[in-house]
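Here is the structure we will look at, set down as structure tokens.
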Amino acid sequence: MTETTENQYLGIEKIPKLMLKFSIPCVLSLLVSALYNIVDQIFIGNSELGTLGNAATGVVFPIFIVSQAFAWCLGDGCAADLNIRQGRNDAASAHKTIGSGITVTLLASLVLLAVFFPVKKPMLTLFGASENSMPYASTYFDIVLAFFPAYMLMNMINSVIRADGSPAWAMISTLSGAAVNIVLDGIFIFVCKWGMAGAAWATVIGQVISFVLGAGYLAFGTKTFKLNFKSFLPDFKALAGALKLGMSSFITQMTIVVIAVVCNIMLAKYGASSEYGADIPIAIVAIESKVFTVVIGLVVGIALGCQPVIGYNIGAKNMDRVKKTYLYILLCTTVIGVLFTILFEAAPRAVVSIFGSPDPEQGIDPELYNEFAVKLFRIFLMGIIFTLIVKMSSIFFQAAGKPVFAVIASLVRDILCFVPLVCLLPLGIGIEGVLWAAPISDLIAFAVTAVLTVAYWRKNSPRVYRSSHREFYHRNRM
């Protein structure tokens with residue numbers, strides 16, 4: 001398929017059909033990516049590592065998010081830039097931006113290695129590791145951090161592959177790595193008895209497989225651009241536009257790190273002075289964060305999958321299709337939010353039980369464990385539908401070339417609301433204050449996002465857009 005034909009397809013094909021083509025592979029890619037952490041959590045929770053092992057992966061989890069922040073900033077930015085160029089029939093010129101993005105991603109991974117290794121113990125302690133979970137967390141951390149270059153490049157490249165019109169390849173790349181991870185988890189943890197090291201090695205081997213497949217696509221399978229040696233020489237002028245478009249992805253991921261760290265600190269602090277102790281809250285919130293990656297993966301996958309459609313039609317100045325695409329994404333997001341709200345409110349214990357049962361020999365009381373699990377899922381995720389709409393809107397604004405709106409939508413919920421509330425509410429009601437901070441923040445962020453969305457469509461509605469271009473056309477004819 002030529003570049004022109006591909007562009008015309010994005011501009012004339014029915015939107016639901018485009019969503020099926022682009023969003024389903026993207027959703028599956030993100031869900032499979034989430035399996036890297038979830039599978040480890042399930043195998044660890046059902047092995048002799050138990051609750052302390054789960055707590056350890058929860059402590060290390062923010063490290064993955066930091067790496068994704070850099071990878072997705074560069075990958076999503078380059079992807080958005082490529083899609084907008086497609087709408088202008090100029091996709092071939094994107095090779096310099098994409099090549100520079102790959103080089104900078106590699107450099108960023110090496111910098112993170114140099115920064116994180118020397119401060120491992122204090123950082124894991126800050127992230128919520130207790131004296132009991134520290135040995136597990138340290139083992140896991142050492143191995144996964146050593147393979148950050150492959151992990152970050154895998155994430156960056158997959159964004160570009162999807163934007164190039166090959167979401168199925170991105171899905172296959174991620175799925176292959178996850179399949180290897182699942183098989184090796186069972187072998188390394190239960191057969192070889194390697195414990196946390198086994199879980200970590202299974203994860204990084206899967207990541208390397210995914211990276212190799214993604215790199216192979218860039219070398220031999222691209223559709224709308226071609227990379228050469230000069231493409232990889234850093235050109236920050238070419239990369240500047242992509243960085244601006246991807247900045248909201250970076251801020252969104254870094255805010256996740258901030259709230260994860262602050263949440264872990266507060267749970268450890270107030271958990272230690274409660275009947276639950278420090279390890280139960282950390283272990284449960286680790287499970288919640290992995291479950292939430294599945295839910296958010298559905299919505300983010302749909303929104304990111306539609307990014308080529310949005311970017312192309314904005315570049316082609318076809319706002320009717322942009323608005324229809326937005327409404328379809330909003331409908332899907334709302335349905336997903338309602339379904340998962342019902343699940344988490346009605347059956348939280350069933351969800352948590354997938355990740356194993358607490359071991360009294362580790363000093364974990366099963367009754368208190370289940371009690372806190374039910375409380376956390378029902379309160380903390382009460383406003384999940386609002387969270388999903390905010391995340392979806394942020395991605396839409398990014399794809400639409402409105403990075404400031406995207407950043408505001410992300411920051412209001414996570415930084416301006418959640419962080420202050422999670423620190424203040426426990427002063428009055430103890431550990432439950434940490435849980436109530438989430439739904440209150442969700443509601444406020446939803447209200448702000450609604451205002452931003454109304455403002456965007458007032459300025460960019462199809463009717464207004466057509467009128468402004470008609471006026472411009474007539475003025476320039478006179």
Side-chain angles (χ1 to χ4, degrees), residues 29-30 32-41 43-44 49 53 56-75 101-121 123-124 127 129 135-161 170 172-189 192 194-219 253 256-257 286 290 293:
S29 293
L30 292 176
V32 170
S33 180
L35 284 176
Y36 280 117
N37 291 314
I38 290 176
V39 169
D40 282 345
Q41 201 90 40
F43 275 102
I44 288 168
L49 300 169
T57 60
V59 167
V60 178
F61 187 62
I63 308 297
F64 281 103
I65 305 302
V66 170
S67 68
Q68 284 181 341
F70 288 93
W72 287 4
C73 172
L74 291 156
I102 292 171
T103 301
V104 173
T105 300
L106 176 60
L107 294 175
S109 70
L110 297 176
V111 170
L112 290 179
L113 276 169
V115 171
F116 285 163
F117 262 128
V119 295
K120 176 180 69 173
K121 189 167 183 179
M123 183 166 57
L124 292 177
F127 290 173
Y136 300 96
S138 181
T139 298
Y140 195 78
F141 175 92
D142 286 342
I143 296 170
V144 298
L145 186 62
F147 286 84
F148 258 24
Y151 180 65
M152 290 177 63
L153 286 169
M154 171 193 79
N155 280 283
M156 186 275 170
I157 290 171
N158 272 350
S159 294
V160 174
I161 292 174
I172 291 170
S173 167
T174 311
L175 183 60
S176 299
V180 170
N181 181 25
I182 292 171
V183 173
L184 293 183
D185 258 326
I187 295 173
F188 291 167
I189 294 176
C192 299
W194 289 355
M196 291 299 295
W201 277 111
T203 296
V204 298
I205 292 172
Q207 291 167 358
V208 170
I209 297 290
S210 295
F211 162 66
V212 170
L213 290 173
Y217 176 89
L218 292 183
Q253 291 302 106
I256 292 174
V257 174
K290 303 305 189 303
T293 59

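Remember, it's a predicted structure, so these values are computed and weren't measured experimentally.
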Original post:
Is there a donor-acceptor contact under 3.5 Å from the side chain of S210 to the main chain of S173?
Top reply: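 Answer holds: yes.
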
Quick check: closest heavy atoms across [X] and [Y], and the distance to 0.1 Å?
| X | Y | value |
| --- | --- | --- |
| A199 | I44 | CB-CD1, 3.9 Å |
| V59 | L124 | CG1-O, 3.5 Å |
| A71 | N155 | CB-CB, 3.8 Å |

Would you indicate whether the side-chain heavy atoms of [Y] and [X] approach each other to under 4.5 Å?
| X | Y | value |
| --- | --- | --- |
| V204 | Q207 | yes |
| F188 | F43 | no |
| V180 | S176 | no |
| T203 | Y140 | yes |
| N181 | I205 | no |

**OP:** Using the six-membered ring wherever Trp is involved, compare the ring planes of F147 and W201 and label them parallel, tilted or perpendicular (cut-offs 30° and 60°).
**Re:**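 F147 and W201: perpendicular rings.
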
Can you give me every donor-acceptor pair (side chain of residues 106-120, partner residue at least two apart or in another chain, under 3.5 Å) with its distance?
residue : atom : partner : partner atom : Å
S109    : OG   : L106    : O            : 2.6
K120    : NZ   : S138    : OG           : 2.8
K120    : NZ   : D142    : OD1          : 3.1
K120    : NZ   : D142    : OD2          : 3.2

**OP:** Determine, step by step, whether V144 and Y151 satisfy the side-chain contact (heavy atoms from CB on, under 4.5 Å) criterion, reporting the C-alpha distance in whole Å, the side-chain angles of both residues, the deciding distance to 0.1 Å, and the verdict.
**Re:** CA-CA 9 Å; V144 298; Y151 180 65; over 6 Å; no

**OP:** Please identify each residue that fulfils side-chain contact (heavy atoms from CB on, under 4.5 Å) with A56, with sequence neighbours left out.
**Re:**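 With neighbours one apart ignored, the set is Y136, A137, M196.
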
Original post:
Do you know which of F211, F70, W72 makes side chain to side chain contact (heavy atoms under 4.5 Å, CB included) with M152?
Top reply: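 Among the candidates, only F70 passes.
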
Original post:
So how far is it from I182 CD1 to I187 CD1, rounded to the nearest 0.5 Å?
Top reply: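 Output value for this atom pair is 12.0 Å.
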
Subject >> Evaluation steps, side-chain contact (heavy atoms from CB on, under 4.5 Å), between I102 and L218 >> reply: CA-CA 11 Å; I102 292 171; L218 292 183; 3.4 Å; yes

